[in-house]
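What follows is a set of notes on a single structure, which appears directly below.
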2 protein chains.
Amino acid sequence: MKNMSVKKKRNGPIMFPKATLERLKMYHALLQEEKSEYISSEEIARKLSIKPEQVRKDISYLDYSGKPKVGYHISSLVDALDELFGTKLRDNIIIIGAGHLGKALANYKGFVNFGIRVVAIFDNDPEKLGTYAGELVVLPLKDLDRVIRRFNVKIGTICVPGESAQKTVDLLIKKGIKAIWNFAPVILEVPENILVENMDIARSVLTLKHLLDRTPTGKIR
Amino acid sequence: MKNMSVKKKRNGPIMFPKATLERLKMYHALLQEEKSEYISSEEIARKLSIKPEQVRKDISYLDYSGKPKVGYHISSLVDALDELFGTKLRDNIIIIGAGHLGKALANYKGFVNFGIRVVAIFDNDPEKLGTYAGELVVLPLKDLDRVIRRFNVKIGTICVPGESAQKTVDLLIKKGIKAIWNFAPVILEVPENILVENMDIARSVLTLKHLLDRTPTGKIR
DNA sequence: CTATTATCGTTATAATTTTCACGTTATATT
DNA sequence: AATATAACGTGAAAATTATAACGATAATAG
């Protein structure tokens, strides 16, 4: 009750609930598309099929306030979200695995919007070595060390097959990588100071299959 | 208190908490890799950095029971999860957008493990029409209708750029698609009977960036 | 065959997250 | 200038989810 507006101050890292972070990413996606100057919690909520109170609560975690009677000033709110996610700071990342997915990621033009730059792509398959993925030549893993140091790479992207994912990760960690962006369809074991974000792309379709079987819409199988 | 073992019976669709479903998918991924015959909640928990009670609670939602003193019989538990996700039933899906990502998905060999078959890939870019993505020829969108009907397609995969995602989705829904697997980096508006699973691949790296800035590990930027 | 023990399943408790309800404030109106 | 109003911000209540505690049971050992 005392000191009620200080909740959002940075005294010790605030922990965002996982679900809140996910929603904040959705607001970020939504607002980047918006053309108008202001938007209300109600409109955001409607577009995301959630409740306006939820939106206001989520935004209250940020270092940003809306205006009564008007709503949220979109570009300022986007700035606050950019701050939260660090999209204005650039991180150099590397991709391991120059298969279809690795190359697709290497070719993706949108990373710049998230403060990401792909500085190298690696593979040990002789067939792939020296071929191009976008602007980048596929390098052998023996160059890892050099690249990680030269570009101060913290994030490693795993696009190798499941079978080789764990040993690739072990290697990356040995070389100093701090965070793993994992596209392989396996669970990785890492030391607790290493971050892992799993992006098991294909498996994500199971949510749809599950729901299709259980909602009136999909019931007609 | 009365009728305590009926909780998991199918009387009206049970709603799984979103977080539980996500963990169940992780168990599925983990168990598929396991070589042994049995596994304990404790071991699952350790590998996923969660609590054993959580694992047992999650599994209690399933139509499956472990054995005291022994643990879970892995292949039976995988069966129960397969049942939950419908991986044994085949769904035919289509991909719209034959860019790098669309083609990478079309080439992905692992879908069979999830009961998914990609039956067609579409694009309206004349450059891409007629080119190949894996076994599939890229088709023009005018063939949508025919393909959806012929293969009874319920799931449409959006791999077009953000700008054209919404109108692509509108079209798919008009043609009878019931679920959208969205890889475009935008929020889609759909009628409430349509399912959407967002896979905003690039944006997912923001979680890592956010955490890197806030954990001892990553603090050295 | 009985006792012991490891591990599950489940109820009870605690923690977290969401929703509600309402007070506050900036803008618009008379 | 005072009043009305729309939308935010937030503390409190409700709902949900996670954790803990413990009783039940199957395997094992003696």
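Heavy atoms only: backbone and side chains are in, while hydrogens, waters and symmetry mates are out. A, B, ... follow the sequence lines: proteins, then strands. Residue 1 opens every chain.
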**Which nucleotide in C/dC8, C/dT17, D/dC8 has an atom nearest any side-chain atom of A/S40** = D/dC8
**Message:** Which nucleotide wins on minimum distance to the side chain of A/Y72, given the candidates D/dT19, D/dC8, C/dG9?
**Reply:** D/dC8
**B/R56 side-chain proximity, nearest of C/dC8, D/dG9, C/dT19** = C/dC8
**Message:** By nearest atom, which of the nucleotides D/dA21, D/dA18, C/dT18 is closest to the B/R23 side chain?
**Reply:** D/dA18
**Request:** Indicate, yes or no, whether a donor-acceptor pair under 3.5 Å links the base of C/dG9 to the side chain of B/K67.
**Result:** no
**Asked** Out of C/dT19, D/dA18, C/dT25, which nucleotide sits closest to the side chain of B/T20?
**Response** D/dA18
**Complete:** 5'-most contact on DNA chain D (nearest-nucleotide basis), B/Q54 vs B/Y38, goes to B/Q54
**Item:** Partners meeting ring pair (Phe, Tyr, Trp, His ring centres under 6.0 Å) with A/F151 (sequence neighbours left out)
**Value:** none
**Request:** Spell out yes or no: do the side chain of B/K57 and the base of D/dT19 have one donor N/O and one acceptor N/O closer than 3.5 Å?
**Result:** yes
**Item:** Ring-ring centroid check B/F16 A/H210, cutoff 6.0 Å
**Value:** yes
**Donor-acceptor pair (no angle test) under 3.5 Å: A/K69 side chain, C/dT27 base** = yes
**Prompt:** Is there a ring-ring contact (aromatic ring centres under 6.0 Å, His included) between B/Y108 and B/F111 once you walk through the steps?
**Reply:** CA-CA 7 Å; B/Y108 184 60; B/F111 280 130; 5.1 Å; yes
**Message:** With a 4.0 Å cut-off on N to O distance, would you call B/E43 and B/K47 a salt bridge?
**Reply:** yes
